[in-house]
Amino acid sequence: MKTILQRLCALALIASAAPLAAQAPKSASKSVIAVPAAISAIKESDLKRDLYLLGGDSMHGREAGTIDEMRASMWIADQFRAIGVAPKGEDGSYFQWWNMRRTRISTISSSVTLDGKALTLWTEISPTSNLGSDVTAQTLFVGDGHDTTVDVRGKIAVVTMLPPTAALRSTTNSYEYRYARASITAQGNALTRRGAAGVIIVADSVAEIAYDGVWKIQERGAYDVIGGAPRNAVTANPPPAPRTTGAPVLFVHRSALNMFRDNGHNVEVHLHLESFESPSVNIIGVVRGTDPKLRDEYVLFSSHQDHDGVRYAINGDSTWSGADDNGSTSVALLAIARAFVKQPGKRSALFVFHGAEERGLLGSRYHAQHPVVPLQSIVAVLNGDMIGRNNPDSAALLGSQPPHRNSSDLVQMAMEASGATGKFIIDSLWDRPTHPEGWYFRSDHVPYARLNVPALFFSTNLHPDYHTPRDKPEAINYPKLTHMTKWMYMTGWIAANAAKRPGIDPGFKLER
Ligand SMILES: [Zn+2]
């Protein structure tokens, strides 16, 4: 089986043979819009100052549904006020409030006992999925589980971890976390398929390093948005609703092996789910356009203010600050707002910071369903996510190739804007339906694109610090962030002033 790296290399060869510029739609009547003087309001020094604040450790990682996301949201609203952006949220405020529903295993009403003695949930024995279960059974030690003739039916199978055979994704969290998760999935599935009533997986030396990470992320549970647009495409035959109960797959420390090596221990598992609501918020402001007719149409600049909060420590640091993700676009939006306040376009510029993107695009799914202006009046969504890292002279424009492209007009505007600003080499790999990361589907433009609003996603793509505590302001390339900001701004400026709003490509349909 090819590794992801091999597949990426193969894709890179294809990509270098077919750069995006060659595929971009030919411009019939090239609209040459001059770069406005107000672009000088976008300053590297402002971006840097703001990102050290918003993406620094004092914001505690801005986790959705916590006071830390609220603090960051209030800070952004304060910046809007200082810049002179008008509020466009509820009741004359900058805020659009909505609720997340969080479902997780209840620590208080769940228990696991071994021969009648309670084990401490999470720190001593950790559930590995968000499923409820009530199981009482005897243990059976099956070694590393490779002998498939052992009858595990009705037993709690205790298994030592095997290194995963599937290729691990190259980014997100730590290597040890991905290793542990891949093994847990493979061995848990194999033994429950063989009829085990439950599975206890004993960490090996690699997974042991990630033990805290596994339980701390699992304990958070799952999130959804109340009243938001669906996450996935609506199809005639929707997939069945996800399971809420199942055979428990539990994870224990390497040192627990001795407790489970002999058979016949009585294990009693009671895992119960709890569900509750907590608020998150979108922060919304507007710079009104100057044209009496066109000002009721909007170019929507999009970011997300949340990140992953305080989690498990990697190299002694537990604050997942999210400077690139997505402090980078958030401070870019503030800089773009400064430019629009200085010199408004014909159409209005709408700035939307979406809450809880990291929990499943929750804020954008809410706003797409409950937009503060009529959805039809939004002429373009220009979303950025992670725009300050990697090679200084290249960047990605997602939504620029079929099947992700929904507006050739808007792509043309972005290409024109690139020529007038950053002149990036446009990476065409990450926008492909065959790209292993599925990057197009992982940010806030998607709910709008699904509703046929012309939408683009600006990004400088993943890096090894993605979703780790290492994503800090110190690691940002500020000249590049400034170029990306000007590119997004100029794209929006062209869309805000074009005689004709960007159209939707006929037959647009996402592959999933
Ligand atoms: Zn992000």
Side-chain angles (χ1 to χ4, degrees), residues 47 50-51 54-56 59-66 68-69 72-73 76 100 169-173 217 220 223 225 228 231 280-283 300-311 319-334 351-368 381-390 395-399 404 430-431 435 437-449 455-473 475-477 480-481 484-485 488:
L47 292 164
D50 289 348
L51 192 49
L54 187 63
M59 287 287 181
H60 298 173
R62 313 185 301 276
E63 177 159 1
T66 73
D68 300 321
E69 185 189 41
S73 301
I76 289 164
M100 310 193 288
R169 274 170 59 186
S170 56
T171 53
T172 202
N173 299 316
I217 290 181
R220 290 179 143 72
Y223 299 75
V225 50
R231 170 91 202 236
S280 182
V281 65
N282 297 329
I283 309 130
L300 190 161
F301 290 94
S302 155
S303 181
H304 69 86
Q305 76 271 26
D306 71 308
H307 191 62
D308 279 344
V310 177
R311 298 197 157 191
T319 305
W320 298 41
S321 303
D324 193 32
D325 186 8
N326 194 12
S328 61
T329 310
S330 295
V331 301
L333 256 56
L334 296 177
F351 296 90
V352 184
F353 291 75
H354 299 98
E357 187 268 358
E358 302 286 5
R359 304 282 74 82
L361 315 184
L362 304 190
S364 51
R365 286 166 53 198
Y366 189 84
H367 185 252
V381 169
L382 304 177
N383 177 52
D385 206 342
M386 301 173 64
I387 60 169
R389 296 285 298 262
N390 291 327
L397 182 67
L398 297 107
H404 302 155
W430 288 67
D431 195 27
H435 194 285
E437 288 289 348
W439 194 226
Y440 174 83
F441 290 92
R442 289 165 57 185
S443 196
D444 286 320
H445 54 286
V446 174
Y448 299 99
L456 287 174
F457 169 22
F458 297 77
S459 183
T460 55
N461 299 339
L462 294 173
H463 45 75
D465 298 341
Y466 170 66
H467 284 217
T468 75
R470 294 187 304 268
D471 181 5
K472 300 288 193 204
I476 298 293
N477 178 337
K480 181 172 187 177
L481 173 57
M484 288 296 291
T485 305
M488 286 183 71

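Just so it is clear, the values below take in all heavy atoms, side chains as well, and ignore hydrogens, waters and symmetry mates. Indexing begins at 1, ligand by ligand and atom by atom, following the structure's order. We number each residue from 1, following the sequence as shown.
Between Arg220 and Glu63 a salt bridge is recorded (basic side-chain N to carboxylate O distance below 4.0 Å). Ion pairing between Glu358 and Arg62 fails under the 4.0 Å rule for side-chain N and carboxylate O.
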Evaluation steps, side-chain hydrogen bond (donor to acceptor under 3.5 Å, both in side chains), between Ser364 and Glu357: CA-CA 7 Å; Ser364 51; Glu357 187 268 358; over 6 Å; no

Verdict with reasoning, Ile476 to Arg389, per side-chain contact (heavy atoms from CB on, under 4.5 Å): CA-CA 6 Å; Ile476 298 293; Arg389 296 285 298 262; 4.1 Å; yes

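Within the coordination shell of the Zn ion (ligand 1), defined by N, O or S atoms under 2.8 Å, Asp385 is present. Put simply, His304 gets within reach of the Zn ion (ligand 1), with an N, O or S atom under 2.8 Å from it. Among the atoms of Asp325, an N, O or S atom is found under 2.8 Å from the Zn ion (ligand 1).
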